[in-house]
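Below, chains carry the letters A, B, ... as their sequence lines are ordered, and counting in each starts from 1.
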There are 4 protein chains.
Amino acid sequence: MKKKAEERKDQVLKAAFQAVANHGFDAVTLQHIADQAGVSKGVVHYYFQNKETILSQLLESITAKIYEAEHRAITEKQTAIEKLNAYVHSVFLSPEKNKKFYRVYMDFLAQASRNPLYREINYHFYENCWGIGCEIITLGKKEGTFSANLDVEKSAKMMRAMIDGCLIQWLMCGQDDLHDFYKQSCLESISTLLTSPE
Amino acid sequence: MKKKAEERKDQVLKAAFQAVANHGFDAVTLQHIADQAGVSKGVVHYYFQNKETILSQLLESITAKIYEAEHRAITEKQTAIEKLNAYVHSVFLSPEKNKKFYRVYMDFLAQASRNPLYREINYHFYENCWGIGCEIITLGKKEGTFSANLDVEKSAKMMRAMIDGCLIQWLMCGQDDLHDFYKQSCLESISTLLTSPE
Amino acid sequence: MKKKAEERKDQVLKAAFQAVANHGFDAVTLQHIADQAGVSKGVVHYYFQNKETILSQLLESITAKIYEAEHRAITEKQTAIEKLNAYVHSVFLSPEKNKKFYRVYMDFLAQASRNPLYREINYHFYENCWGIGCEIITLGKKEGTFSANLDVEKSAKMMRAMIDGCLIQWLMCGQDDLHDFYKQSCLESISTLLTSPE
Amino acid sequence: MKKKAEERKDQVLKAAFQAVANHGFDAVTLQHIADQAGVSKGVVHYYFQNKETILSQLLESITAKIYEAEHRAITEKQTAIEKLNAYVHSVFLSPEKNKKFYRVYMDFLAQASRNPLYREINYHFYENCWGIGCEIITLGKKEGTFSANLDVEKSAKMMRAMIDGCLIQWLMCGQDDLHDFYKQSCLESISTLLTSPE
DNA sequence: AATGAATGAGGCTTCATTCAT
DNA sequence: TATGAATGAAGCCTCATTCAT
């Protein structure tokens, strides 16, 4: 029973992601979501109180997934450089996937600037990302790869700012073939920031 | 005559800006805009063909204003360092103004990932921003302040990515008192990127 | 299930007929139709994509009904004269019914002069009517009742023109008591046309 | 002053005719009419109380013009046959003109079935048309061209019914090249009705 | 547990009409 | 006289939500 319900909710959330990716946050309807999930509109309301509940759980779900992927990527590597590389590569996955995920994510960011609930969810995601940054930077300092006098927390935040800034700029340019340019440039810039003396 | 009409349109656009800032891009209604402007709903349609027209002109208007302010800021300064400083300060204006402007701007970015018209307008804004970056960097190289081997265009893009990334991260944290932290960190990071040898 | 939906659509179409009869084609609103049907406005949109869909289906429905009644009437009779009589009588049903039906029909004709969809539906109705005429005339020629040298198709068209012309003229006079006069005169005229030698 | 006003009203009515011909009775707006007349919307309201006033005066105007043309046509001829010919030819003027005039006229007929004012105006037009019919038939009887036992008034009405029925049927078929067929058939039918013995 | 029919609030838009200039 | 800016009522349509089955 409980299991079935969990599966159902997951099914709806997956459908919601697709639906939001296709139609946009404010254009998506519960009908879109139900259609995408291959269920009736009633089901959606049966498992979720209302539209906002679905969407906030969707935000939680996708930020969790992004973080998991990032975390998995760096765990597999040993050195700070390798981890940094893996991190950035796990963010710049592919034009198609980035487009889909970041479109949805940007929709949520826009909402989050007004909706405290979304903001909180996103903040949690930020904390996770900063955590990854701190881990890499701390290791790099220990290795002697990165500057000894780096402010770890500050650098982690700048690192994430760079990543988001690049990904958004890429997304807004609408040119898939620039994906590699932005990935490389982002990586270079972060490296410079972390290795620059003083 | 013509003048009056222009003023009216401006009045409506200003009201639209306030209304979008308050309610968000997808929750704003023409009634909100009319109320904010202190006019009847009919007036809005008298000066603008439809809702999308208002919103796209609003995007044009605010990106133009942001750019103008940035451009004005750097024009007043002489050295590359001063210009860079002025640029970042003109972006990080104040918590209140940044919040309002960037909320609206983020709404548009979210839309732009799907709407080509918005994307085009934003691209034009990007070009302007990159132009400012290029100007500063070129001057800095000439002065010898910045690294001689910088790729001017690439650096300009990374510069803007850093700025947007920081501003968005600040906005999403919902803490006004971090405004200064992000301004300073952003400036530092860009400086590092531009002055780091090789 | 399907049955229920069909009934609902029928209910709405019937209501639409009443509403158009009462308010006229261009003054009728979806609210009128919903009220007449005793349902909420939403129901109308649930079963019909939009207003035009309702109205075109209404045109199809009423022309089909008129034709069916006419066809049924002539089928029951044997001789050409009897059939002709029955045909005209089935058209000139009663002042009340004619008024309601032809008011609506005239609204559609007015629209049809510009709207190809309506024109097509009406043309189909014309073809049916001409078919009835042809059937009667062909039989009459075979019987020797009607002139041997009649152009069947042309005569069928003139027959219908006479019928519509009379009914419209009657409707426009606004005098119910002339209904019988027009019915008889119409019948006489058609008889004359079909029996006149040469 | 008075003269200027009359000219202005005429100008607006002519524009109204074009506008209704183009957009249809219920889709036409005062802006269409003003544009067509090359004047401002205010002018239209200055010379006409409201929209209905314009439209009813337009109906009067066009029925008067149709009648005048018909009357002029038969006046120029001597014999009943010639007059009848001229009459029908003056009605079936040309595909283009008939389309424009009858579209507008049909719009009014549809309205007239509900609006007493329009109905009255149209009735006056009918009387004029019947008058023409009576004149022709009476002459034909005197000449011995038409059947002696014709009921003049009734025949005049049937004559007009035939004309309107044919013109409407032609209009609804949407085939310009059938214009001649309907004109000839209409004339033949009327001739048959009027010459048939008994 | 699931469906989808029904509701009705609320949005965008059109347009006749008014009125200050 | 003439203009056209401004109003606001009213229409169509969408869609989250409810509820009987």
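Each of C/Gln49 and B/Val39 has a nearest nucleotide on DNA chain F; the 5'-most of these lies closest to B/Val39. Nearest-nucleotide assignment on DNA chain E puts the 5′-proximal partner with C/Tyr47, out of B/Val28 and C/Tyr47. Between A/Arg8 and D/Ala27, the residue anchored closer to the 5' end of DNA chain E is A/Arg8, taking for each the nucleotide with the nearest heavy atom. Comparing A/Gln31 and B/Val43 against DNA chain F, the residue whose closest nucleotide sits nearer the 5' end is B/Val43.
Taking atom NE2 on A/His45 and atom P on F/dC19, their separation rounds to 12 Å, with Å as the unit. When rounded to the nearest whole Å, the span between CG of D/Asn50 and P of E/dT18 equals 8 Å. Regarding A/Ile33, its CD1 atom lies at a distance of 8 Å from the P atom of F/dA16, rounded to whole Å. Atom CD of D/Glu6 and atom P of F/dT1 are 12 Å apart (whole Å). A straight line from CG of A/Leu30 to P of E/dT3 spans 15 Å, rounded to a whole angstrom. As a whole-Å value, the separation of D/Ile54 CD1 from E/dA16 P is 9 Å. Taking atom CZ of residue A/Phe48 and atom P of nucleotide E/dA2, one finds them 13 Å apart after rounding to whole Å. Rounded to whole Å, the distance from CG on D/Leu55 to C1' on E/dA16 is 12 Å.
Both distances falling under 3.5 Å, in either a Watson-Crick or a G-U wobble arrangement, place F/dA6 opposite E/dT17. Across the strands present, F/dC13 finds its partner in E/dG10; the criterion is a Watson-Crick or G-U wobble pair with both atom distances under 3.5 angstrom.
Among the nucleotides F/dT3, E/dA2, F/dG8, the one closest to any side-chain atom of B/Ser40 is F/dG8. Among the nucleotides F/dG8, E/dG10, E/dA6, the one closest to any side-chain atom of C/Lys41 is E/dG10.
Across all strands, D/Lys51 comes closer than 4.0 Å only to sugar-phosphate atoms, never to a base (heavy-atom distances).
Electrostatic pairing of B/Arg114 and A/Asp26 does not count as a salt bridge here, judged by no charged N lying under 4.0 Å from a carboxylate O. Residues A/Asp10 and A/Lys14 are paired through a salt bridge, judged by an N-O separation under 4.0 Å between the basic side chain and the carboxylate.
Within the 4.5 Å cutoff, no side-chain heavy atoms of A/His124 are placed close to those of A/Ile121.
The six-membered or imidazole ring of B/Phe25 lies away from that of B/Tyr105, with a centre-to-centre distance of 6.0 Å or more.
Checked by atom type, the side-chain pair B/Gln31/B/Asp35 shows a donor-acceptor distance below 3.5 Å.
Proximity of A/Tyr46 to the phosphate of E/dA2: no side-chain N or O atom is located under 4.0 Å from OP1 or OP2.
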